[in-house]
Every structure is written in C-alpha cells, then in structure tokens.
Amino acid sequence: MKVKCLRLDDMGRGIALVDGKTTFISNLLQDEEALIEIVLSKKNYNEGKIIKLLCESPDRVKPNCPYLNCGCQLKHLDYAKELSYKEEKLQNILEKFAKVNVKVNKIVYDDNMHYRNKITLKVNNQVGYFSNNSNNFIPIKACDLVSPKVNKIIEILNKEDLKDVKEITIKDFDQMMIIIKGNMNLQNLSKYTDTIYMDDKLVQGEAYVTTKLKDLTFKISKDAFFQVNKSLTEKLYDIVVKELDGHKDQTVLDLYCGTGTISLILSKYFKKVIGAEINKEAVTCANINKEMNHIDNVTFICADASKVINDLKADKVVVDPPRSGLTKKGINDILKLKPETIVYISCNPITLARDLNLLKKEYDVVSVTPINMFPRTYHLETITKLKKCIDKNFITTT
Ligand SMILES: C[S@@+](CC[C@H](N)C(=O)[O-])C[C@H]1O[C@@H](n2cnc3c(N)ncnc32)[C@H](O)[C@@H]1O
C-alpha cells in the first residue's frame, strides 16, 4: 500500500497511518511517500517495510554504509537534520514525561563519523551485526563507524574459520584489544592487535589498554564500561566540570562512576570525591587509574549506587546511570542528602524524564544539554543540571 510519512518516532522510524492505524516504517523520512508491506500487525500499531520509495525527501543522503537496519537508523538523514531531530525529540520527551519547563540547549556535536572505540560483532561463519531489535544476522565487510584499523581486523576475521566463535568485541584505544567468545586460530590476527582474550583467558599482550582523556591517562579492562566516543566524552566531561562548579572545601559524589573517569577529572576542583560503582572490574580499574595519575583525594566504593547514598555526605552529586536510569530508592536518598547541585548524565531521555519528574519536587531543572555521542543512530547523551530550590525546600519542611 502507499503511505506518506508524517514524522519520525523516537527510534528514528517513519510514522504513517494505514487505515487510521499508526505504522512504523524503518528508513522512511518525514514527508516521503512509499509503497510498503506490513510485516507485523498488532492491536494498536503496525510495522511496515519499504517496497519502493515513491517520493524522496530533500533531507535524504546516500549513506556510506551499504547495510540496511544494522543499527545506524539515521544514516540516510542529512547530518544537520539529525542534530535538530535529536534536539526536538529531547524537548518533546521532557515536556511530555517530566513536565518541566526548560528550553533544551543547542546540541553539542562534532563531525567525526568514525567515532566508535568499541564494537561487538556477532558471528555466523562471518562477522556481522544483528538487525535492529531482532536476531536476524547481517554479515558485514566493514563498519562505517570505526577506524580503518578496526575495519582491517574485520577483513582479517572474515577470512578465518569462525565456526567455533560466537561473538567478538574490539576495543580500539591507544592499543587494540580483541575479546573472542569461542575459539579460533590467532596466527593471522595476532599482529593486528596488542591484547587478545579468548574465552575469558588472556592469550596475548597486557590485560589493559590505555587512553588519554583531558590531561589524565586511563586503563581500560576487558569488561569495564568506557564511553564509546572519545572526543565527545571530553566535551561531556568539560560540561560536567562547568555545571558542578567545584570548590576546594566541597565533597562531590560520583554515582555509577565506571572506571573513575569523572571522579578523577573532578578531583582537582573538589576537596574530596567519592565514586560508587557496582562492577568490581571497573572499580579495580578506577583504583589503578587513581594511582597512575597520582591522585589522593578520591575514594572508590564497589557497591550498588542506590544502596550507599544513605551512608554518605556530599555537597554536590553527579549521576551517570545505565539506560534504566535511577531507582526510586536512589532518588529518595538523593533528596534526603540534599546536595545543592545534581548533574544527571543520561543516555536514555525516557528514563531521564521519569526521574526528573520525581527530582523536580525539590530541584529546579536549570539546564539540559544534548550531546551527539552516537552519530547516525537515534541515541543521544544528555547532561542536566538541577539546583536545590530554596522555596520548595521551605515548603516541604514547614
Ligand atoms: C553509563 S556508565 C557510566 C560510567 C562513567 N560515569 C563514565 O563516564 O565512564 C554506567 C555505569 O554504571 C554501572 N552500574 C550499573 N548499575 C549500577 C548500580 N546499581 N550501582 C552502581 N553502578 C552501577 C555500570 O557498571 C557502568 O559502569
């Protein structure tokens, strides 16, 4: 059937109406017309697939990557339009779900499209990705989001016998790390990488790779989290420093601190920094990073962040939770702690909005800045500054 796309949804899919029913169509842009086939029909919505594009948007670009639905949902959209789409999407989600009255700042971005320092490849004799939201395997010869060095590794891998391999992660920092789930012959691969893990065993090189962020050096291990886009991470951390506006007589709490990057960058602006992180390996890295950078006013705690806030004292708090956001207990404990400033870093605007809706009882949202940490995908990072509202505090305590 023929449809016209009304707008993009929050996952970058085109929305059209088919007999009045909302229909989501991947790779269709606003105002484009297409012949589509319905591939899934549910009570309240359909999912459709383009059979033929009948009328192209002037915002359509030809992507460098030939694979459909491999995870870059916006690669066919002009980059400037991608940026405005993300600003508008964030504004709409905050208005709808957080009900806060704040104008989202201009999105922070750069033009590096080969930004990913980590990819996880699925394996089915060849390497590839799973198609968006499914287990359909898409074999790939290269990925447009990574460096030429990583694409060389993909080329090498595709010539190998991969029948006993399930998944391969590549981490591309000052050194290269390859993490293989399964078994394969490493003879050809070996010279293209520093570190290799095979089935959880270190079989080549050092256990850690390193990178520099700002003026600090960080070790990154096999399973610890590290942001995927280095240049925009530095911009993100600059905003964290500015929004927290540290003082040498203050303590700051860095919840969900990963390998300690934010804590260590904040150390020179605060008297004391406390980082909390659940992943043991990440905390080990954080402590190594603290020693390596000769920093002595930071303490890392290995614990569930939402369970430790109660026992701590701090003037300011930064949180950077996973996509699921904060817990209700975590939010209540932050409210009891009464920090003067909260900086909330989020990679999921929906859970951010949900959490702001609770935090706004006692905090004003003073600025929201989107960061295009994941170009060509619908994902974005957001940094939100909240300030304790004196009036609201007065009202709740009297
Ligand atoms: C988005 S990452 C942020 C890491 C760090 N702030 C950075 O910029 O690299 C979220 C981190 O939260 C950790 N995490 C997940 N659930 C947690 C929990 N309940 N308590 C503490 N940390 C948790 C993850 O292991 C991960 O390192």
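Keep in mind it's a predicted model, so treat the numbers as computed, not measured. Note that ligands are numbered from 1 as they come in the structure, with each ligand's atoms numbered from 1 the same way. All residue numbers in this chain count up from 1 along the given sequence.
- With respect to the salt-bridge test (charged N to carboxylate O, under 4.0 angstrom), the residues Lys106 and Glu87 qualify.
- No donor-acceptor pair under 3.5 Å is formed between the side chain of His247 and the backbone N or O of Tyr269.
- Look at Ala303 and you'll find a heavy atom under 4.0 Å from some atom of ligand 1.
- Counting heavy atoms closer than 4.0 Å to ligand 1, residue Cys257 contributes backbone atoms (N, CA, C, O) but none from C-beta onward.
- Contacts with ligand 1 closer than 4.0 Å are made by side-chain heavy atoms of Phe225 only, the backbone lying farther away.
- Near Thr261, meaning under 4.0 Å from one of its heavy atoms, ligand 1 places the atoms 7 (C), 8 (O), 9 (O).
- Atoms of ligand 1 found under 4.0 Å from any heavy atom of Asn279 (numbered from 1 in listed order, with element): 25 (O).
- Ligand 1 places these atoms under 4.0 Å from at least one heavy atom of Ala305: 18 (C), 20 (N), 21 (C).
- Under 4.0 angstrom from ligand 1, the non-hydrogen atoms of Asp320 come from both its backbone and its side chain.
- The residue Phe218 has no part lying near ligand 1, judged by heavy-atom distances below 4.0 Å.
- The side-chain contact (heavy atoms from CB on, under 4.5 Å) test with Met1 is passed by exactly one of Val18, Thr23, Asp19: Val18.
- Under 4.0 Å is where a charged nitrogen must lie from a carboxylate oxygen, and between Glu82 and Lys86 at least one such pair does.
- Salt-bridge formation is detected for the pair Lys159/Glu155: a Lys NZ or Arg NE/NH1/NH2 atom is positioned less than 4.0 Å from an Asp or Glu carboxylate oxygen.
- An N or O contact shorter than 3.5 Å links Ile278 to ligand 1 by distance.
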